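Note sheet for the following structure.
Quick caveat: nothing in here was measured; it's all calculated off a predicted structure. In what follows, every chain begins at residue 1, and chains take the letters A, B, ... in the order their sequences are listed.
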Protein chains: 2
Amino acid sequence: MSHVTLRDIAKKADVSATTVSRALNNKPDVSSKTKDKILRIAKNLGYTSNLLAKSLRSRKSKTIGVVLTDISNPFFAAIAKGIESAAHKRGYSIILCNTDEKYEKEEEALQVLVEKRVDGLLITPVQKEYQDILRIKERRIPLVSIARHFDTIETDSVVSDDVLGGFLATEYLIKKGHKRILYISGPLHVSSASERLKGYKRALKKYKIPFKEKLVRGYTAKMGKAYTLTRRILKEKLDFTAIFTFSDFLALGVMKAIREEKLKIPDDVAIVGYDDIEFASALEIPLTTVHMPKYRLGTEGTNMLIDEIEGRSTHRKPQKLVFKPELIARKSA
Amino acid sequence: MSHVTLRDIAKKADVSATTVSRALNNKPDVSSKTKDKILRIAKNLGYTSNLLAKSLRSRKSKTIGVVLTDISNPFFAAIAKGIESAAHKRGYSIILCNTDEKYEKEEEALQVLVEKRVDGLLITPVQKEYQDILRIKERRIPLVSIARHFDTIETDSVVSDDVLGGFLATEYLIKKGHKRILYISGPLHVSSASERLKGYKRALKKYKIPFKEKLVRGYTAKMGKAYTLTRRILKEKLDFTAIFTFSDFLALGVMKAIREEKLKIPDDVAIVGYDDIEFASALEIPLTTVHMPKYRLGTEGTNMLIDEIEGRSTHRKPQKLVFKPELIARKSA
DNA sequence: CTGTTAGCGCATTCAG
DNA sequence: CTGAATGCGCTAACAG
């Protein structure tokens, strides 16, 4: 017999399964004598409650689904850590899924998570489409969008003000005397990327620098792609003196390409990243960047979600939490 | 009514729940006519199968528990990505837990995972104690240890040859002319750390360099601690010309401290890391390191585990997979 | 080809 | 204070 059940204990203790259940769950209406007896026997038998059965019965799985685009990216890894920690503190486990920035994978992940009856969902949506999200909403499964948000549909969300962040980064470079600033963007269907671009444009406008289409490139989230792209751009002799990258992760690839061309940072090319990942400060040339409270994005998102799940929040409207980003000036610009 | 059940479909289709179950699971013995009808109704109603019920019935949760020490560490993040990918391919979800290198957390995580009836476990054990692992073995729950292994108890494992890796790193430095090599170690109860130390000693011995106790320091897995430790060591005027670090992650902290003292890498101090994390090659001074097939550690470990779960492997003895590490020579040494 | 019965392990009625 | 009955949603065994 692999797993001990309430019945097994009940038999040994010569009581009903109901009583065992009560004793094990610290419910009232059990004499301390029988309770002690039951607890002792449960321990001897090595009883472990079956949460599948419990969940089926209670309609609560104490599990939340976490859908991220890439855990090996330190930005998401930090968020994941915050999520795990907050979830654990409140007694929840997390099922983690990677989407690789692909909508079909997101769709599939959500499907399985619903089948596994997670109590709620935390997601950095791919945003190429969002019907899968709508389906979740229809089912009234609590969902919190992290680090990204939708314009067209309403969901709870925990984000940072990316327009402001893009503005701060660009303004910083402008104040350092740069006028031709290259923006290596993330994919534009991702809200954080498009909003940082908006902030970039806004800063240019404020300082009366004309916006140039050709100074926006990339549309990727991958470090390797940022590297090859930068190499190509450097060959093109594109005219710029500074680069603002969508993320520190991309900045790493960009810096590598620049170094290979023997250009000096920040003298030949100034660089401002985004996210303030742990390594940003450990680099040979510490990276000037926009700080994102990654860990807190994770913890706050999780708490918002669990409040929703447990009905503490009876908000009719979607909850929104928006952090204010800050520029961290270091050596790269 | 929140969730549609087999019964709901059965009523609408005017058949029994069993027939619906058969139709939905592509079992034989259903006329294609009723099957079509059932499928159509299921779709209309937006049916989503309840995996909790299915799991309770089948005693298979199609979920594996993953216990890592720190997902925000890029080494583990890469492993996690490999695990998620392989698990997904074979139809499993992963519940992720962080232990923060604390035994109590590991114990707690395993407890919950057993309660949630995961089909198997993937773990980078803390190794301060291992009674919790023994308990899992007693219950005959498949378990694969990743990147670390036990000497005293038998478990399936997927690791890299850390003695060899430590040897290669040290030998490389010796061949570069270094004789006073500092080893910034991980916690010694962790097999990878103690084995790399063993490799370090073995290399010294081979080249007839006396081992000096005071040249082994650290015993930490945290970048911040490696940084402060290195600062202290530099003040001590300890006599060394090269550093071998337990991980690239630690090396980042070490390099930061060295840079602050205006020492040149590799001229003043040569550095060899371990793991070959993605950033190692993107650094200003690309890091010489020992390559670990992190992603594959994750995928192979997962496949080994699932083979075990599904009874494909009928091995009586624990399975062991050992990768051969390779030294990647770059600029830091 | 289809339906009935039964039970996975648990906790909530409702009676005593 | 305790127990019997019931059902969460699903499927395997058995009967027709």
Spacing between [X] atom [atom1] and [N] atom [atom2], to the nearest angstrom:
X	N	atom1	atom2	value
A/Leu24	C/dA11	CG	P	8 Å
B/Leu56	D/dG7	CG	P	17 Å
B/Asn26	D/dC10	CG	P	16 Å
A/Lys60	C/dA11	NZ	P	12 Å
B/Ile38	D/dT11	CD1	C1'	14 Å
B/Asp14	C/dT2	CG	P	12 Å
A/Lys33	D/dT2	NZ	C1'	14 Å
A/Asp36	D/dC1	CG	P	13 Å

Which one, [options], comes nearest to the side chain of [X]?
X	options	value
A/Arg22	D/dT11, C/dA11, D/dG3	D/dG3
A/Ser16	D/dA13, C/dC10, D/dG3	D/dG3
B/Lys27	D/dA12, D/dC8, C/dT12	D/dA12
A/Thr18	D/dA12, D/dT2, D/dA4	D/dA4
B/Arg57	D/dT2, C/dC10, D/dA12	D/dA12
A/Asp29	C/dC8, C/dC1, D/dT2	D/dT2

Sugar-phosphate only, base, or nothing, as touched by B/Thr34 at under 4.0 Å among non-hydrogen atoms: sugar-phosphate
Sugar-phosphate, base or nothing in reach of B/Leu6, heavy atoms under 4.0 Å: base
Tell me whether the OP1 or OP2 atom of [N] has a side-chain N or O from [X] closer than 4.0 Å.
X	N	answer
A/Asn50	C/dC8	no
B/Tyr47	D/dG9	no
A/Thr19	D/dG3	yes
A/Ser31	D/dT2	yes
B/Thr5	D/dG9	no
A/Lys54	C/dG9	no

Toward the 5' end of DNA chain C, by each residue's nearest nucleotide, B/Ser58 or B/Val15: B/Val15
Donor + acceptor pair across side chains of A/Glu107, A/Gln111 (<3.5 Å): no
Modelled atom types, side-chain donor and acceptor of A/Thr63 and A/Lys116, under 3.5 Å: no
From CA spacing to verdict: salt bridge (Lys or Arg N to Asp or Glu O under 4.0 Å), B/Asp100, B/Lys105: CA-CA 8 Å; B/Asp100 234 349; B/Lys105 286 202 175 183; 3.7 Å; yes
Residue whose closest nucleotide on DNA chain D lies nearer the 5' end, B/Asn25 versus A/Ala17: A/Ala17
Test item: B/Val144 and B/Glu308 side chains (from C-beta on) under 4.5 Å apart, heavy atoms: no
Side-chain heavy atoms of B/Glu106 within contact of B/Thr124, under 4.5 Å: no
Other residues, nucleotides, ligands: >12 heavy atoms within 6.0 Å of A/Arg7 CZ: no
